[in-house]
Colleague: 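Before I ask anything, here is the structure I am working with.
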Amino acid sequence: MGKEGKTDLSSRDDLMGKIVALCKRRGFIFQSSEIYGGINGFWDYGPLGVELKRNLKNIWWEDVVRKRDDIVGLDAAIIMNPKVWEASGHVGGFSDPMVDCNKCKARFRADRIFTVIGRVGDDVIVSAGVEADSDLSARDKVLIEANSKTRHKIDHYRDQIKWVMFSADKVPPNEKALCPLCEGELTEARKFNLMFKTSIGAMEDSSSVAYLRPETAQGIFCNYKNVLDTSRVRPPFGIAQIGKAFRNEINPRNFTFRSREFEQMEIEFFCHESDADKWYEYWRDARYKWYIDLGLTSSRLRLRDHEKEELAHYAASCADIEYDFPFGISELEGVANRTDYDLKKHQEHSGKDMTYFDDQTKERYIPYVIEPSGGVDRAVLAFICEAYTEDEAPNDKGKMQKRVLMKFHPRLAPIKVAVFPLVKKEGMPEAARKIYDDVLASGLTCFYDEKGAIGRRYRRQDEAGTPFCVTVDGQTFEDQTVTIRDRDSLKQDRIAADKVVEYVRERIG
RNA sequence: GCGGGCGUAGCUCAGUGGUAGAGCGCCACGUUGCCAACGUGGCUGUCGUGAGUUCGAAUCUCAUCGCCCGCUCCA
């Protein structure tokens with residue numbers, strides 16, 4: 001990280017560096033397996049981070065499942081029958097071997113790139129890389145495209161030339177595959193399958209192969225019939241799930257933003273085709289508002305409708321909810337109209353009937369699916385970036401000093417209340433302990449601290465994002481009141497000691 | 001995956017071949033009467049990891065892991 005000569009870009013980088021440092025310093029997020037040198041793309045949530053993340057998931061679950069009568073929950077297994085991933089297209093689609101050019105850095109599908117070499121003895125008369133359907137058509141293409149000098153040579157040696165043709169995924173020993181664009185050397189063919197593979201049972205043979213799910217959605221689609229048959233729901237209705245998913249990303253980046261193990265919070269909302277557009281718009285707008293209500297400012301948050309060309313093959317429409325991170329604008333959640341694509345695919349592959357029969361209209365149909373699918377870790381990171389604030393506060397001599405605070409929405413804050421004795425004597429610790437016990441008993445997260453100067457204790461809570469700090473002082477013993485300090489404004493109210501829980505609850509909302 | 005930069009205490013970093021450092025932090029005791037106070041004492045290191053060169057490596061070489069930036073990729 002640069003120390004000086006900051007451009008706009010590097011000061012944004014610096015901001016991300018400060019956020020990463022604070023996350024570690026205060027125990028929000030650690031790198032996985034750090035003592036062994038870490039492991040790329042995996043992260044651990046520390047004591048404050050796990051509270052923050054859990055708060056976020058609980059609020060989501062409350063808002064989309066418990067407070068609604070049209071959505072039910074689900075917790076599906078991470079490992080599913082491998083046929084699920086054939087039906088979803090995850091096994092077939094992303095496993096083509098690819099090659100890169102070492103020189104011009106272009107990337108190609110290995111089985112589509114051929115190298116053609118013509119030799120007389122050990123002399124190479126012609127060698128070229130070419131994109132083609134077969135080795136013979138590749139040679140023809142090379143002959144047609146050859147320049148006049150090369151053509152001359154080829155004609156001259158005609159019957160003596162020994163041809164070698166091969167695709168970039170089947171390079172013979174001692175040969176090298178060539179780039180069709182720049183004639184540079186190509187890398188070995190590599191398979192780019194995003195799914196983590198494992199095996200079931202003690203013996204690792206091919207019959208036992210299984211995958212860690214690359215998305216949670218398929219667990220919902222596979223249980224759609226079970227839920228319909230057991231939960232007395234009928235379209236329009238949704239199934240919600242929070243769970244881990246795994247993708248063997250080529251290039252994990254940007255702290256926890258793109259990691260190989262991550263958590264999704266996802267709804268699959270089933271409705272009639274004729275209502276699909278209406279529900280799509282409903283969920284797109286509702287999900288956008290959800291983030292704003294939890295404290296992401298609308299200037300950094302944006303809702304972006306996908307262009308027609310940008311849509312995945314299964315989606316009729318799609319919108320991204322994006323956040324302007326210090327490293328750039330990136331997606332938090334996607335809301336898509338997936339049509340009846342998924343249920344149809346599972347009906348085809350499993351042979352099981354996925355239709356719904358509507359008793360009132362006497363219509364039988366496969367429902368359309370609206371999918372609001374959010375990344376939990378991405379949302380946590382967005383709230384962390386949003387909360388990170390530097391301002392100035394006076395020290396004990398009234399001089400302004402830099403202060404770092406995390407302005408979490410009180411609902412998200414890992415610790416809701418901290419309780420301090422002003423000094424460690426005259427019974428103040430005991431009185432503060434009692435208040436601490438009361439707050440804990442109420443179910444609010446609370447932190448007790450009597451170490452060091454009062455100002456230091458306030459600042460420590462500022463970095464943890466604790467919205468309220470309660471202090472027991474001399475006056476507490478005269479009129480049973482305490483001061484309660486607001487994290488953002490630094491203002492203090494004096495309230496009755498037994499009203500702390502009530503005061504905080506009112507402001508958490 | 002490619003190219004570049006970086007990796008030293010919990011954090012920020014200094015240290016260009018000769019006994020591992022500073023500031024902050026953390027812990028204890030005292031002091032302290034509302035915003036990173038003060039005093040005294042204390043703790044903290046596989047110098048990312050492994051190998052090599054050398055009498056001697058944090059320092060030079062190679063490999064490897066991790067982080068950052070750009071490209072690439074992105075169901």
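Only heavy atoms go into these numbers, but all of them, side chains included; no hydrogens, no water, no symmetry mates. Lettering of chains follows the sequences in order, A, B, ..., and the numbering in each one begins at 1.
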Colleague: Whether A:Asn254 contacts B:C67 is assessed here as follows: a side-chain N or O lying under 4.0 Å from the phosphate OP1 or OP2. Is that the case?
Modeller: no
Colleague: If you only use heavy atoms from C-beta on, which nucleotide in B:C34, B:G10, B:C67 is closest to the side chain of A:Lys24?
Modeller: B:G10
Colleague: Would you kindly say whether A:Gln264 and A:Thr216 are connected by a side-chain donor-acceptor distance under 3.5 Å?
Modeller: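 Yes.
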Colleague: Within the structure shown, what part of the strands sits under 4.0 Å from A:Ser88 by heavy-atom distance: base, sugar-phosphate, or nothing?
Modeller: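 Touches nothing.
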Colleague: Which nucleotide in the set B:G33, B:A75, B:C35 lies at the smallest distance from any side-chain heavy atom of A:Leu422?
Modeller: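 Between B:G33, B:A75, B:C35, the one nearest the side chain of A:Leu422 would be B:G33.
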Colleague: Between B:U44 and B:A28, how many Å separate the two C1' atoms, rounded to a whole number?
Modeller: 15 Å
Colleague: Donor-acceptor pair under 3.5 Å: do we get one between A:Glu426's side chain and the base of B:G33?
Modeller: yes
Colleague: Suppose we define a pair by two distances each less than 3.5 Å, Watson-Crick or G-U wobble; what does B:G23 pair with here?
Modeller: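 Paired with B:G23, as far as the under-3.5 Å criterion goes, is B:C11.
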Colleague: For B:C38, does either OP1 or OP2 sit under 4.0 Å from a side-chain N or O belonging to A:Arg456?
Modeller: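 Checking B:C38 against A:Arg456, no side-chain N or O comes under 4.0 Å of OP1 or OP2.
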Colleague: Could you check A:Arg25 against A:Lys491 and say which one's nearest nucleotide on RNA chain B is further toward the 5' end?
Modeller: A:Arg25
Colleague: Any cation-pi pair here, A:Arg433 with A:Tyr448, using under 6.0 Å and within 45°?
Modeller: yes
Colleague: Kindly state each residue pair satisfying salt bridge (charged side-chain N to carboxylate O under 4.0 Å, His left out) with at least one member in residues 312-322 of chain A, sequence neighbours excluded.
Modeller: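 For residues 312-322 of chain A: A:Arg304-A:Asp320, A:Arg304-A:Glu322.
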Colleague: Figure out the CZ/P separation between A:Arg459 and B:G25, and round it to whole Å.
Modeller: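 Rounding to the nearest Å, CZ of A:Arg459 and P of B:G25 are 13 Å apart.
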Colleague: Taking the nucleotide of RNA chain B with the nearest heavy atom to each, does A:Glu215 or A:Leu490 sit closer to the 5' end?
Modeller: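 This one resolves to A:Leu490.
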Colleague: How far does the C1' atom of B:U54 sit from the matching atom of B:C13, given to the nearest Å?
Modeller: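 Taking atom C1' in both B:U54 and B:C13, they lie 29 Å apart.
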Colleague: Is any side-chain N or O of A:Lys425 closer than 4.0 Å to OP1 or OP2 of B:U32?
Modeller: yes
Colleague: Paired with B:C55 by Watson-Crick or G-U wobble geometry, both distances under 3.5 Å: which nucleotide is it?
Modeller: B:G18
Colleague: Atom CD1 of A:Ile454 to atom P of B:U32: distance rounded to whole Å?
Modeller: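 My rounded result for the distance is 16 Å.
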Colleague: Pairing check on B:A28: which nucleotide meets the Watson-Crick or G-U wobble criteria with it, both distances under 3.5 Å?
Modeller: B:U40
Colleague: Provide the Watson-Crick or G-U wobble partner of B:C67, both distances under 3.5 Å; none if there is no partner.
Modeller: B:G5
Colleague: Indicate whether OP1 or OP2 belonging to B:C67 is found under 4.0 Å from a side-chain N or O atom of A:Asn40.
Modeller: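 It does, given that an N or O in the side chain of A:Asn40 lies less than 4.0 Å from OP1 or OP2 of B:C67.
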Colleague: Does any N or O donor sit under 3.5 Å from an N or O acceptor when you compare the side chain of A:Arg247 with the base of B:C74?
Modeller: no
Colleague: Grab the CG-P distance between A:Asp44 and B:C67 for me, whole Å please.
Modeller: 13 Å
Colleague: Just the rounded figure in Å: distance from P of B:C74 to CZ of A:Arg253.
Modeller: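 Nearest whole value for this atom pair: 15 Å.
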Colleague: Does the structure place the NZ or CZ of A:Arg287 under 6.0 Å from the centre of the six-membered ring of A:Trp290, at an angle of no more than 45° from the ring's axis?
Modeller: yes
Colleague: Separation of A:Phe262 atom CZ from B:A75 atom C1', in whole Å?
Modeller: 11 Å
Colleague: Measuring only the C1' atom in each nucleotide, how far is B:C65 from B:C29? A whole number of Å is fine.
Modeller: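 Here B:C65 and B:C29 have their C1' atoms 44 Å from each other.
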Colleague: Report the distance from atom CZ of A:Phe327 to atom P of B:G70, rounded to the nearest whole Å.
Modeller: 11 Å
Colleague: With rounding to the closest Å, how many angstrom separate the C1' atoms on B:A14 and B:C47?
Modeller: 13 Å
Colleague: Which nucleotide in the list B:C34, B:A75, B:G33 gets nearest to the side chain of A:His90?
Modeller: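 Output: B:A75.
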Colleague: With A:Arg485 as the cation and A:Tyr458 as the aromatic partner, state whether NZ or CZ is under 6.0 Å from the six-membered ring centre and within 45° of the axis.
Modeller: yes
Colleague: Write down the partner of B:C62 under the Watson-Crick or G-U wobble criteria, each distance required to be under 3.5 Å.
Modeller: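 Pairing partner: B:G50.
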Colleague: Roughly, in whole Å, what's the span from CZ in A:Arg460 to P in B:C26?
Modeller: 5 Å
Colleague: Does the structure show a Watson-Crick or G-U wobble partner for B:C73, both distances under 3.5 Å? Name it, or say none.
Modeller: none
Colleague: Roughly how far apart, to the nearest Å, are B:U40 and B:G7 at atom C1'?
Modeller: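 36 Å, rounded to whole Å.
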Colleague: Quick check with a 6.0 Å cut-off and a 45 degree axis cone: is A:Arg284 positioned over the face of A:Tyr288's six-membered ring?
Modeller: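 No cation-pi geometry.
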Colleague: I'd like the C1' distance from B:A58 over to B:U72, given in whole Å.
Modeller: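 Approximately 35 Å lies between the C1' atom of B:U72 and that of B:A58.
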Colleague: Taking the same atom, P, in B:G4 and in B:A63, what whole-Å distance lies between them?
Modeller: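 Pairwise P distance, B:G4 against B:A63, rounds to 12 Å.
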Colleague: For RNA chain B, determine which residues of residues 444-453 of chain A have any heavy atom closer than 4.0 angstrom to one of its atoms, and list them numerically.
Modeller: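 By residue number: A:Lys451, A:Ala453.
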Colleague: Give the ring-plane orientation class for A:His346 versus A:Phe221, where under 30° counts as parallel, over 60° as perpendicular and anything between as tilted.
Modeller: tilted
Colleague: Heavy atoms under 4.0 Å, any strand shown: does A:Ile39 hit a base, just sugar-phosphate, or nothing?
Modeller: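 Sugar-phosphate, backbone atoms only, no base.
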Colleague: What's A:Gly41 touching, base or sugar-phosphate or nothing? Going by heavy atoms closer than 4.0 Å.
Modeller: sugar-phosphate
Colleague: Heavy atoms under 4.0 Å, any strand shown: does A:Phe255 hit a base, just sugar-phosphate, or nothing?
Modeller: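 Result for A:Phe255 = sugar-phosphate.
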Colleague: So, are A:Arg494 and A:Asp473 salt-bridged, with charged N and O less than 4.0 Å apart?
Modeller: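 Yes, A:Arg494 and A:Asp473 are salt-bridged.
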Colleague: Relative to the ring of A:His90, is the ring of A:Trp85 parallel (under 30°), tilted (30 to 60°) or perpendicular (over 60°)?
Modeller: perpendicular
Colleague: In whole angstroms, how far is the P atom of B:C73 from the CE atom of A:Met195?
Modeller: 21 Å
Colleague: With both distances kept under 3.5 Å, what pairs with B:C35, Watson-Crick or G-U wobble?
Modeller: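 Partner of B:C35: none found under 3.5 Å.
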Colleague: B:U12 and B:C71: how far apart are their P atoms, nearest whole angstrom?
Modeller: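 My reading of the P atoms in B:U12 and B:C71 gives 26 Å.
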Colleague: Look at the rings of A:Phe270 and A:Tyr224 and say which category their plane angle falls in: under 30° parallel, 30 to 60° tilted, over 60° perpendicular.
Modeller: tilted
